[in-house]
Amino acid sequence: MKKSVINILALASVITTVFFLLDSDPIQPNVLMRFVEYVAMLTIVFTLLSGFYFGIKAIIKRIQIIK
C-alpha cells in the first residue's frame, strides 16, 4: 500500500506541475502565494486520485469475494 500511495503522489505531482505551468492566470508576484496554490492543487489532485484508486480497488475486491 505504501508503494501505491507514493506512486499516486508522484502522478499527482506530475499532473499538478503540468496544469500549473499551463495555467493562464496572471502570475502572482508573491512566491508564497504561488507555493500555497501549488500545494493546494497537489492536495486536491492527490485526494481525487487516491479516492478513485482505492475505491475501485475496494469494489473489485468485494466483487471477487462475492463470486
Side-chain angles (χ1 to χ4, degrees):
M1 185 166 138
K2 184 178 180 181
K3 184 177 179 181
S4 61
V5 171
I6 291 173
N7 287 339
I8 293 171
L9 183 61
L11 179 63
S13 178
V14 168
I15 291 171
T16 303
T17 302
V18 168
F19 285 142
F20 192 73
L21 292 174
L22 292 175
D23 190 18
S24 64
D25 289 343
I27 297 175
Q28 298 289 332
N30 191 353
V31 175
L32 181 63
M33 187 62 193
R34 280 192 257 171
F35 183 72
V36 169
E37 274 185 6
Y38 182 82
V39 171
M41 286 171 44
L42 180 63
T43 304
I44 292 168
V45 172
F46 176 75
T47 303
L48 290 174
L49 288 176
S50 296
F52 283 126
Y53 177 76
F54 290 116
I56 290 172
K57 191 173 178 181
I59 290 171
I60 290 172
K61 186 175 181 181
R62 186 168 297 240
I63 289 173
Q64 288 177 350
I65 290 174
I66 294 172
K67 290 184 178 180

Query raised in the report: Between Val31 and Arg34, does a side chain to side chain contact (heavy atoms under 4.5 Å, CB included) hold up when you go through it step by step?
Result: CA-CA 5 Å; Val31 175; Arg34 280 192 257 171; 4.2 Å; yes
Report task. Would you indicate whether the side-chain heavy atoms of Val45 and Phe19 approach each other to under 4.5 Å? Result -> no
Query - Distance in Å, Asn7 CG paired with Tyr53 OH, rounded so as to fall on 0.5 Å steps - result: 8.5 Å
Query - Distance (rounded to the nearest 0.5 Å) between Ile44 CD1 and Leu48 CG - result: 7.5 Å
Query raised in the report: Step by step, would you call Val5 with Phe46 a side chain to side chain contact (heavy atoms under 4.5 Å, CB included)?
Result: CA-CA 9 Å; Val5 171; Phe46 176 75; 3.9 Å; yes
Query - Separation of Glu37 CD from Leu32 CG (nearest 0.5 Å) - result: 10.5 Å
**Report entry** Thr16 side, atom OG1; Leu9 side, atom CG - distance, nearest 0.5 Å
**Finding:** 9.0 Å
Report task. Enter the distance from Leu42:CG to Thr17:OG1 here, rounded to the nearest 0.5 Å. Result -> 8.0 Å
Report task. Determine, using the 4.5 Å side-chain heavy-atom cutoff (strictly less than), whether Tyr38 and Met41 are members of one ILVMFWY cluster. Result -> yes
Report summary line: Heavy-atom nearest pair, Ile8 first then Ser50, reads CG2-OG, 3.7 Å
Query raised in the report: Looking at CZ of Phe52 and OG1 of Thr47, how far apart are the two atoms once the value is rounded to the nearest 0.5 Å?
Result: 11.5 Å
